[in-house]
Amino acid sequence: MNVLILGSGGREHAFAWKIAKSSSCNQLFIAPGNAGTAEVGTNINIEVNDFESIKEFVLAENIELVLVGPEDPLVNGIYNFFKEDKQLMNISLIGPSKEGAQLEGSKQFAKEFMFRHNIPTAKYQAFTKDNLAEGYTFLESLEAPYVLKADGLAAGKGVLILNDLQEAKDELKAMVADAKFGTASSTVVIEEFLDGIELSVFVLTDGDSYKILPSAKDYKRIGEGNTGLNTGGMGAISPVPFADRFYIEKVEREIIKPTVEGLKKDNIEYKGFIFIGLINVKGEPKVIEYNVRMGDPETEVVIPRIKSDLLNLLKGIGDGTFSEKDLEISEEVATTIILVSGGYPESYEKGKQITGIEKVSDSIVFHAGTKQEGEVVKTNGGRVIALTSFGENMNDSLKKSFDSAEKIAFEGKYFRKDIGFDL
Ligand code: AMP
Ligand code: GLY
């Protein structure tokens, strides 16, 4: 079949790398893609939110399956755009409906969903500028640290964790009354602080049955020891050592099953990935957030551990055979290290020549922010390259990724040398 992947990061390169290996894959396109996706498929210059151009392309190239990488087009309703169009309705689009995407697009929607279906999560209340005074009172009833979340999408920046009550009140006001995160923060969710280790579990569902993909842990801060500013992610490890079979069974019972059944009960169409961000509070898993897509860089460790044919699984979502398919996972540990541009996540320069990629032999090189210019590959984003390796244990695998990281060069290159330090 002909396949189109939407997106341009390391996640999309990992998807493309895996799908290109499938015997069912005829032609593979990535929009807009990067220098890495161009090695395994054909990049096309269409933006992920340009639904009309996507439609034209899908019809012209006889695309049968569209895999949506990032959340933006999902929250903007690309699933409904396909299902409501006579020419597109029979094309399989992997991703939730616009309503399902609200699990990520609105923190308040996600919280209400979890409470409605008895899914363990932090206590919360939601506020707007119209009940700001009640927000202050609620903050006074909590103990520090205070967790404030912009309701809408804020490019990963909408969560504030503050130790000082007055500062929390000031920030709440800045968010709801002064549009600190634009309209995304006109509603703010304030929630109880949960103390524990985070991990992510990933689920693929056809809306009826589901399969649990490998768990992973990512490292979001720019600095070693988890310090400094938040980034899109500086590295990831799969599996997460404490998330053994018994733990995952508990997560399945208390969180995954009620989530998939809750979507069904609420009549929300959902055929795609669910990324559940969890925090482990004294052995009890609680949901911090839902994302309606795979994570980046988690995809770069989760997808390579899948031994089964991913496209075959995705095809099953479209033709109703998903529940019959097997999902086989490698026992090996996968780690990925992200090489970023100097200055990231604040301002950084693009267009630096990248050398040494061909010297890497022990890792898979997934491109994130790169661009091909003639014979040369140049940096084109904050996160530039993900280096994924396998090992019998975490340290074996990490050693390969770190050795590979030394072989690639570009001006300003930075990476964290302590990924996995806390496990
Ligand atoms: P989110 O965008 O909801 O994933 O939040 C970003 C980060 O804030 C999470 O990865 C956690 O590290 C942290 N966080 C979010 N909610 C809580 C909470 N209730 N308690 C403690 N940490 C939290
Ligand atoms: N790595 C976190 C995310 O993709 O949202």
Side-chain angles (χ1 to χ4, degrees), residues 7 9-12 14-15 68-72 74-75 101 103-111 114 119-126 139 142-163 168 181 184-185 188-202 215-222 226-238 240 273-282 284-303 336-338 340 345 366 368 382-383 386 416 419 422:
R11 166 180 53 210
E12 287 75 20
F15 275 141
V68 185
E71 62 277 16
D72 243 39
L74 294 167
V75 173
L103 283 182
E104 178 165 1
S106 164
K107 303 269 186 204
Q108 186 177 10
F109 178 95
K111 281 291 189 182
M114 287 185 263
I119 296 165
T121 186
K123 285 189 293 235
Y124 82 106
Q125 281 188 34
L139 282 170
L142 299 172
E143 279 175 35
Y146 306 95
V147 182
L148 273 55
K149 299 185 172 184
D151 179 61
L153 292 184
K157 297 193 172 73
V159 176
L160 301 179
I161 299 181
L162 304 160
N163 281 310
F181 299 106
S185 67
V188 167
V189 164
I190 301 180
E191 64 179 44
E192 167 199 14
F193 180 82
L194 300 174
D195 197 10
I197 304 183
E198 286 178 52
L199 77 149
S200 301
V201 298
F202 301 91
S215 64
K217 183 174 187 341
D218 80 335
Y219 290 80
K220 287 205 178 82
R221 302 298 192 96
I222 187 73
N226 291 339
T227 55
L229 294 173
N230 254 322
T231 70
M234 298 295 293
I237 293 177
S238 175
V240 184
F273 293 97
I274 314 175
F275 163 165
I276 309 177
L278 297 175
I279 201 151
N280 182 36
V281 186
K282 301 191 182 88
E284 297 300 321
K286 297 192 184 215
V287 179
I288 291 193
E289 64 165 349
Y290 288 111
N291 294 306
V292 297
R293 49 168 176 89
M294 284 297 290
D296 196 347
E298 293 90 333
T299 306
E300 290 94 298
V301 287
V302 169
I303 293 295
T336 198
I337 304 296
I338 310 291
V340 305
F366 290 126
R383 292 189 292 169
R416 270 181 67 171
I419 300 302
D422 51 348

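In listed order, ligands and their atoms are each counted from 1. When a residue number appears, it is its place in the shown sequence, counting from 1.
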In terms of side-chain geometry, is the basic nitrogen of Arg11 or Glu300 positioned less than 4.0 Å from the acidic oxygen of its partner?
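No salt bridge links Arg11 with Glu300.
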
Hey, does Ala236 sit under 4.0 Å from ligand 2 if you only count heavy atoms?
no

Atom 21 (C) of ligand 1: which protein heavy atom is closest, and how many Å away?
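Result for atom 21 (C) of ligand 1: Leu194 O, 3.1 Å.
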
Using a strict 4.0 Å cut-off to heavy atoms of [X], name the atoms of ligand 2 that fall inside it.
X: Gly295; result: 4 (O)
X: Asp218; result: 1 (N), 2 (C)
X: Arg293; result: 3 (C), 4 (O), 5 (O)

Minimum heavy-atom separation for [X] to [Y], with atom names?
X: Arg293; Y: Pro70; answer: CD-C, 4.2 Å
X: Phe181; Y: Ala150; answer: CD1-CB, 4.1 Å
X: Ile338; Y: Gly235; answer: CG1-N, 3.7 Å
X: Ile303; Y: Ala14; answer: CG2-O, 3.9 Å

From Lys107, Glu192, Lys286, Glu198 - option closest to atom 3 (O) of ligand 1 by heavy atom:
Lys107

Closest candidate by heavy atom, reference atom 16 (N) of ligand 1, pool Lys149, Glu104, Glu289
Lys149

Report the part of Val159 (side chain from C-beta onward, or backbone N, CA, C, O) that has a heavy atom under 4.0 Å from ligand 1; answer both or neither where that applies.
side chain

Under 4.0 Å to a heavy atom of [X] - the qualifying atoms of ligand 1, by number:
X: Lys220; answer: 10 (O)
X: Ile161; answer: 8 (O), 13 (C), 14 (N), 22 (N), 23 (C)
X: Phe193; answer: 20 (N), 21 (C), 22 (N)
X: Glu191; answer: 16 (N), 17 (C), 18 (C), 19 (N)

Under the 4.0 Å line, does any protein heavy atom show up next to atom 7 (C) of ligand 1?
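False for atom 7 (C) of ligand 1.
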
Can Phe15 and Phe273 be said to form a ring-ring contact (aromatic ring centres under 6.0 Å, His included), step by step?
CA-CA 12 Å; Phe15 275 141; Phe273 293 97; 5.5 Å; yes

Is the side chain of Glu12 donor-acceptor paired with the backbone N or O of Gly9 at a distance under 3.5 Å, no angle test?
yes

For ligand 1, is there an N or O atom under 3.5 Å from any N or O atom of Val147?
no

Is there a side-chain contact between Glu191 and Gln125 (heavy atoms, below 4.5 Å)?
no

So for Glu298 against ligand 2, with non-hydrogen atoms under 4.0 Å, the contacting part is side chain

Ignoring hydrogens and angles, state whether a donor on the side chain of Lys111 or Thr121 is under 3.5 Å from an acceptor on the partner side chain.
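Thr121 and Lys111 do have a side-chain donor-acceptor pair below 3.5 Å.
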
Does the ring of Tyr219 carry Lys217 above it, NZ/CZ under 6.0 angstrom from centre and within 45° of its axis?
yes

